[in-house]
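Down below is the structure, laid out as C-alpha cells.
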There are 2 protein chains.
Amino acid sequence: MSPRDTEVTDQVTDVCPVRDLLDRIGSKWTVQVIEALAGRTLRFTELERAVDGVSRRVLVRTLRALERDGLLRRTVHPTVPVTVEYALTPLAAGLGGPLTALADWARTHRADMVSARRAYDAAAARPALSGDPA
Amino acid sequence: MSPRDTEVTDQVTDVCPVRDLLDRIGSKWTVQVIEALAGRTLRFTELERAVDGVSRRVLVRTLRALERDGLLRRTVHPTVPVTVEYALTPLAAGLGGPLTALADWARTHRADMVSARRAYDAAAARPALSGDPA
DNA sequence: CTGAATCCGGCATGATACTG
DNA sequence: CAGTATCATGCCGGATTCAG
C-alpha cells in the first residue's frame, strides 16, 4: 500500500487554497528551486548545485511536491546513466508574478523588520524599567 | 538567560529576506490573523474567536512573532481585568497587497493544482501500466 | 481577560550510506 | 546520474492546567 510518506507536505487535508499554497512555498527550499528553474531547464545534479545547501533527500521531496501540484515537469531521458530534466510549467510561471511581488516587498522592507526585531528584543531584555541605566 | 523558546520561528538565523518573510507568513495561522485584523482592531478573545481553530498558545506565539517583526501593535489597557488590543501596523498594511495577490492566485488556480494532484496520485498508484484496466 | 508553564505527538529537515 | 533507505534531530502546533 504505497509506502509514500508525507514529508514536505504531501497531504490535501486543507480546504483553504491560500494555506495550501503557503504550505508549498513555505517549505524551506521551494522558492529557491523555483528561482533556480526560472526560464530554464536543469538536471538533478545541476539543481543540487544551483540551490546549494539543500540535502539530496530534501531536494527530491521538494521536487516531488512541486511536480505533484503541477508546478514542475519532470522528464526522464533513457540514456545510459539516466538523465532527468526539471522545468517549471506554465502554471508555475504564472505564480512567478505574485511571488516576485512578495519577494520585492520582503527585500524593500527588510530593514524595517530587522530594526523592529532589535527594538522588540531590547525591550524584552529590560522587563520593568523606564529609565535606561547609565 | 532568557527562557524564551524559539517556537513559531523567532530566530533571525536567516539572511535571505524572502525566506525570512516566508517563515513568518508560512506559519499556520499568521495569514488568518492578518486577515482578521485587516482594517480593524481586536482584543485577544475576539481574535481567538475570529480565527477559530487556533489554540490559545499558538495564537499568542503568532501574535508575538508578528509584533516582533513590527507588523502588529499590541496595546495594553490597565483596566481591572486587563484588556489588550491588537492592530496591524502600516508596515503590515503594505504587506497586504502582495499577500492578496498571492491569495488571489491561489484561489484562481486552486482547481489546476487539485487536478494535478489527482493525476499525480493516480499515476503513482499504477507504477508500470500503460493500459487502464477496464 | 490574557496570558504563562508544562507535556506531548508528528512531521520537516538533515546526515550518511547504498543502488540501478 | 539520480535517486532510495535509514537514522537522528529539532521544533511546530495542540491540549491542558495554572496565574496575575
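Reminder, nothing fancy here: chain letters follow the sequence lines and each chain counts from 1. Fair warning: this is a prediction, and the values are worked out from it, not measured in the lab.
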Closest nucleotide among D/dG3, C/dG3, C/dG14 to the A/Arg56 side chain =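 Closest nucleotide to the A/Arg56 side chain: D/dG3.
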
Residue A/Arg74, side-chain atoms from C-beta onward, closest of D/dG3, D/dG13, D/dA2 |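 Nucleotide nearest to A/Arg74's side chain: D/dG3.
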
Between [atom2] on [N] and [atom1] on [X], what's the gap in Å once rounded to a whole number?
X	N	atom1	atom2	value
A/Arg57	C/dA15	CZ	P	11 Å
B/Arg24	D/dC12	CZ	P	10 Å
A/Lys28	D/dG10	NZ	P	13 Å
A/Arg61	C/dG14	CZ	P	13 Å
B/Arg64	C/dA4	CZ	C1'	10 Å
A/Leu42	D/dC1	CG	C1'	15 Å
B/Asp23	D/dC11	CG	P	12 Å

Has A/Trp29 got a side-chain N or O lying under 4.0 Å from the OP1 or OP2 atom of C/dA12?
->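 No.
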
Examine D/dC1: is either OP1 or OP2 under 4.0 Å from a nitrogen or oxygen in the side chain of A/Tyr86? Give yes or no.
->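 Checking D/dC1 against A/Tyr86, no side-chain N or O comes under 4.0 Å of OP1 or OP2.
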
Where at least one partner belongs to residues 18-56 of chain B, residue pairs that pass ring-ring contact (aromatic ring centres under 6.0 Å, His included), sequence neighbours excluded =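 Matches after skipping sequence neighbours: none remain.
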
side-chain hydrogen bond (donor to acceptor under 3.5 Å, both in side chains) with B/Thr45: which residues, sequence neighbours excluded?
->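 side-chain hydrogen bond (donor to acceptor under 3.5 Å, both in side chains) check on B/Thr45 returns nothing, list empty.
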
Check the pair B/Arg73, B/Thr75 against side-chain hydrogen bond (donor to acceptor under 3.5 Å, both in side chains), reporting the backbone distance first and the verdict last.
-> CA-CA 7 Å; B/Arg73 185 171 46 87; B/Thr75 312; 3.2 Å; yes

Sub-4.5 Å side-chain heavy-atom contact between A/Leu47 and A/Leu63 =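 A side-chain contact under 4.5 Å exists here.
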
For DNA chain D, find the residues of residues 44-55 of chain A with a heavy-atom distance under 4.0 Å and give them by number; none if there aren't any.
->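 Only A/Phe44, A/Thr45 qualify.
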
Supply the atom-to-atom distance A/Leu22 CG to A/Ile25 CD1, rounded to the nearest 0.5 angstrom.
->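 One gets 5.0 Å once the value is rounded to the nearest 0.5 Å.
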
Answer yes or no: are there more than 12 heavy-atom neighbours, outside B/Arg74 itself, under 6.0 Å from its atom CZ?
->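 Buried by this count: over 12 neighbours within 6.0 Å.
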
Remember a base hit wins even if backbone is also touched, and classify B/Arg43 as base, sugar-phosphate or nothing at under 4.0 Å, heavy atoms.
->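 B/Arg43: backbone/sugar contact only, no base atoms under 4.0 Å.
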
Between the side chain of B/Glu67 and the main-chain N/O of B/Arg64, is any donor-acceptor distance below 3.5 Å?
->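 Side chain of B/Glu67 to backbone of B/Arg64: no pair is present.
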
Map A/Gly26 and B/Leu63 onto DNA chain C by nearest heavy atom, then report which one ends up closer to the 5' terminus.
->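 On the 5' side of the pair lies B/Leu63.
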
